Amino acid sequence: MSDFPDDIPFFGEPDVPATPKPQSGPKAGIAARAMQARNQQRGEPDYLQGLNPEQRQAVETTEGPVLVLAGAGTGKTRVLTTRIAHIIQQGLAFPSQILAVTFTNKAAREMKERIGHLLGGAVEGMPWLGTFHSIGVKMLRRHAELAGLRSDFTILDTDDVIRLLKQLIQAEGLDDKRWTPRSFSMMIDGWKNKGYGPSEISEGDARAFANGKGRELYYAYQERLKTLNACDFGDLLLHPIRIFRKHPDILREYHTKFRYILVDEYQDTNTAQYMWLRLLAQRPSSNANTQSASTQPHSTPNATDWSSEPMRGPHGAGEHSELGVSAKKSTQQINICCVGDDDQSIYGWRGAEVDNILRFDKDFPGATIIRLERNYRSTPHILGAASYLIAHNEGRFGKTLLPQAASEDDQKVHVHAAWDSEEEARAVGEEIEQAQRRGHLLNDMAILVRASFQMREFEDRFVTLGLNYRVIGGPRFYERQEIRDAMAYFRVVAQPADDLAFERIVNTPKRGLGEASLRLVHDYARAKNMPMLQAAEDLIATEELKPKARSALREVVENFRRWQGLLDNKSHTELAEIILDESGYTAMWQNDRSAEAPGRLENLKELIRSMEEYESLRGFLEHVALVMDTEQNEGMDAVSIMTLHSAKGLEFQTVFLPGWEEGLFPHQRALDEGGRSGLEEERRLAYVGLTRAKKNLHIWFVSNRRIHGMWQTTIPSRFLEELPEEHVDIAESDSSYGGGYGQSRFDAVGRGDPFANSYSTPGWQRAQQNRSDATRNNWGSRSGANVERIGYGETDSGFGAGRGSVKGKVIDGELVAKSVSSTPSDFKVGDRVFHMKFGNGNVASIDGNKLTIDFDHAGQKRVIDSFVKRV
DNA sequence: TTTGGCCATTTTTTT
DNA sequence: AATGGCCAAA
């Protein structure tokens, strides 16, 4: 979004008088109250109508720190937006004096819309409402030089970062397979989430990568970013934090500027975000400390000091209360209001610290804590199911959500079983079409998946059904190859130091500039510490390059120089067209005879079209870097498909939750890496999913799912049994459970199938029992149930049953993980076998425990041996 | 230098 | 299943 025009005057904005009406400390309260009283005489403002007492308190307690603990569906967004409207309406601050932070662009957009609505649309946009990152960039652009950057720095996305790291790792002479750029980028990410620069990471962390070269590499990475005039996502927060600490005068300007700070989804803040917030929200006491704070921020154990010890903060309460006192003493306070729900903390993997919300009143003593517990969203059944499920978590505040009154036609939560994911998609599609026939809007329905690969099957199905759908946060427009290439061209034009972009497209389309020539340019650039474009320009004046490469490179450089010259003369969309045209990029795809080519050209057109909404090329590039998503199909009626993560904060009349199987949800990886707390986060994710539904909720699980192209037998998610019976309705006979390879086939295998019908059947119960029965396993017998997704017993004890073996992983005495290891198969080529999904066939070849089988009806497939049975 | 084919690995979630 | 990396051949 170009919500942030580049040229807003920052400090001393003309529209901001030094002191808007009431504002300092206690006075503000009085004035506010006076104003309120006046309003009440006249009848209260519209926007307060219909708020319940708690919501109202959250809106009207404008002064001092406020924490709003808002359960799912309790009107959190409404409170936030109304509060902002209230602040503006009461004249407590101008829109530009309110800092409002959200996590997603979607949330920011929605908030803006709603505030505009509340205020009758007459208010100029709020310049400081946005995501942590977009606000971070905005600040960083203003003070870029203090971070060693120019204000036109580029923002690297994950892909760029990985390519860059790869170069560095190789330059270091390390094996980039043993030490993958990807894993290092994740480490850096983790460090940055905690607020650590290269000098602050622990010895152990530094050693953990590349035999102790971790720190060195991290330094080198930051150095390179500087020479590239670029930063990564983490830097968007880290640089401002550094700047605030080093330059108290700058921080003070922000302190004067922002009267009110609001934070959405506070439970998802990570340490860096927390530090950033604290710096902005907590003015050091204005008396005794001022001097020392401004000159030596790190030497005084007072107000500013917490920021240098991020990780110890959570538990060092003493320090914080001291700080709080001084904050209180200060003459002007910045009023911070955080809204969150510990039960909806689902970003632990990204470094979020739930602790931040749990210790709010220590950080901000005297905080008003308001709990919103009246749920207006879901039926009692849905709410009951969700509450019961989340109660299985240990580490939580614990709160009660009060349901609305039940209504006659309230449906219980439906749990459905399907044979495989294909059937799951088919059945959900049917369900949706039925609802549509009953007059429901597709806009009111959503499918929420755990992992994005699940989306495809639904898309496929909906395409054949001709059902409108919209994917949110799926495979992203801006991640497509052609879009990234085009963007790279634009980046080099807008930001000549962007070597990563330059490298990406110098030889796209092919110009005969291969590795050899490129290396030359690269080395020259490094040696002279100049951008590659500049280096290329220098080199073509010499005899270094081969004639062919030299002329090709000359043309590229000349093109770029010419385009750069057009920056100010042509509109950015026009320029973009010229670039794609003259570079031969469009022609490259036009000449491409592959099936995707037309689509790619279409995407490029779409790209140009979407640029029109932005003021400048730079503004557009920034949008792409930060948002990575386009609005699609806004106007039409369509089912939404998205991940559970991106569904947070949304609500729908009808919600479908497919894929409730062990290994997928809870996700195996969360279990492996997060253990118990990983499981609890998965459960919160389930809770988020359940509470998105207003009226109808359908949960699905399948017994066969294809993972990495191979069929796996799955068992229902443990979360299913954590749902309370009284609120759940098990669909006994779902459409065609078993499908073409029907029930009979199923039984013919003698597969004492645990999920043949539903989980209320003996089969289901047996499965449950299997799970808790820690010693039993069905593997000994070939006709045993296919429960190989789970291992039982001690850690790492194998269960070889002749083919394949199962390892169980026990965490906290509870079985949470397993993996199938490959041991040589005891099948022979030519064996006649039966597979549950594909039927009968002959073994064509064997590769470890993977078999290639010619099926009678299904053709040739590769499957894991444990899924077939000799006949 | 480019291209084609084969092998290995992969996917959790996002700014 | 699909993508990326690597190697051999043109």
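Proteins come first, then strands; the chains are lettered A, B, ... in the order of their sequence lines, and each starts at number 1. Fair warning: this is a prediction, and the values are worked out from it, not measured in the lab.
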Has [X] got a side-chain N or O lying under 4.0 Å from the OP1 or OP2 atom of [N]?
X: A:S134; N: B:dT15; answer: no
X: A:T643; N: B:dT14; answer: yes
X: A:R182; N: B:dT11; answer: yes

What does [X] touch in the nucleic acid at a heavy-atom separation under 4.0 angstrom: a base, only the sugar-phosphate, or nothing?
X: A:F132; value: nothing
X: A:R456; value: sugar-phosphate
X: A:S517; value: sugar-phosphate
X: A:Y347; value: sugar-phosphate
X: A:N507; value: sugar-phosphate
X: A:L513; value: sugar-phosphate

Starting from [atom2] on [N], measure out to [atom1] on [X] and report it in whole angstrom.
X: A:R519; N: B:dT1; atom1: CZ; atom2: P; value: 12 Å
X: A:R683; N: B:dT13; atom1: CZ; atom2: P; value: 21 Å
X: A:R178; N: C:dG5; atom1: CZ; atom2: C1'; value: 19 Å
X: A:I641; N: B:dT13; atom1: CD1; atom2: C1'; value: 17 Å
X: A:E681; N: B:dT13; atom1: CD; atom2: P; value: 14 Å
X: A:L685; N: B:dT13; atom1: CG; atom2: P; value: 11 Å
X: A:N270; N: B:dT13; atom1: CG; atom2: C1'; value: 15 Å

Using 30° and 60° as the class limits, which term best fits the ring planes of A:W349 and A:Y347: parallel, tilted or perpendicular?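 It falls in the tilted class, 30° to 60°.
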Parallel under 30°, tilted from 30 to 60°, perpendicular over 60°: which one fits the rings of A:Y218 and A:W191? parallel
Tell me which one of A:L448, A:I699, A:V655 satisfies side-chain contact (heavy atoms from CB on, under 4.5 Å) with A:L690. A:I699
Should the pair A:D342-A:R396 be classified as a salt bridge under the 4.0 Å nitrogen-to-oxygen rule? no
Is any NZ, NE, NH1 or NH2 atom of the basic residue among A:E543 and A:R550 found under 4.0 Å from an Asp or Glu carboxylate oxygen of the other?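 Salt bridge between A:E543 and A:R550, a charged N being under 4.0 Å from a carboxylate O: yes.
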Tell me which nucleotide among [options] gets nearest to the side chain of [X].
X: A:H133; options: B:dT15, C:dG5, B:dT11; answer: B:dT15
X: A:A516; options: B:dT1, B:dT15, B:dT10; answer: B:dT1
X: A:N105; options: C:dC6, B:dT14, B:dT15; answer: B:dT15
X: A:R350; options: B:dT13, C:dC6, B:dT14; answer: B:dT14
X: A:K510; options: B:dT15, B:dT2, C:dA1; answer: B:dT2

Measure from the ring centre of A:H645 to the centre of the six-membered ring in the base of B:dT14, then say whether that distance is under 5.5 Å and the planes meet at under 30°.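 Stacking between A:H645 and B:dT14: absent.
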Answer yes or no as to whether B:dT11 has its base stacked against A:F453, where stacking requires a ring-centre separation under 5.5 angstrom and planes under 30 degrees apart.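 No, the aromatic ring of A:F453 does not stack with the base.
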Within 45° of the axis and under 6.0 Å from the centre of the six-membered ring of A:F719, does NZ or CZ of A:R683 qualify?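 Judged by the rule (NZ or CZ under 6.0 Å from the ring centre, within 45° of its axis), A:R683 is not positioned above A:F719.
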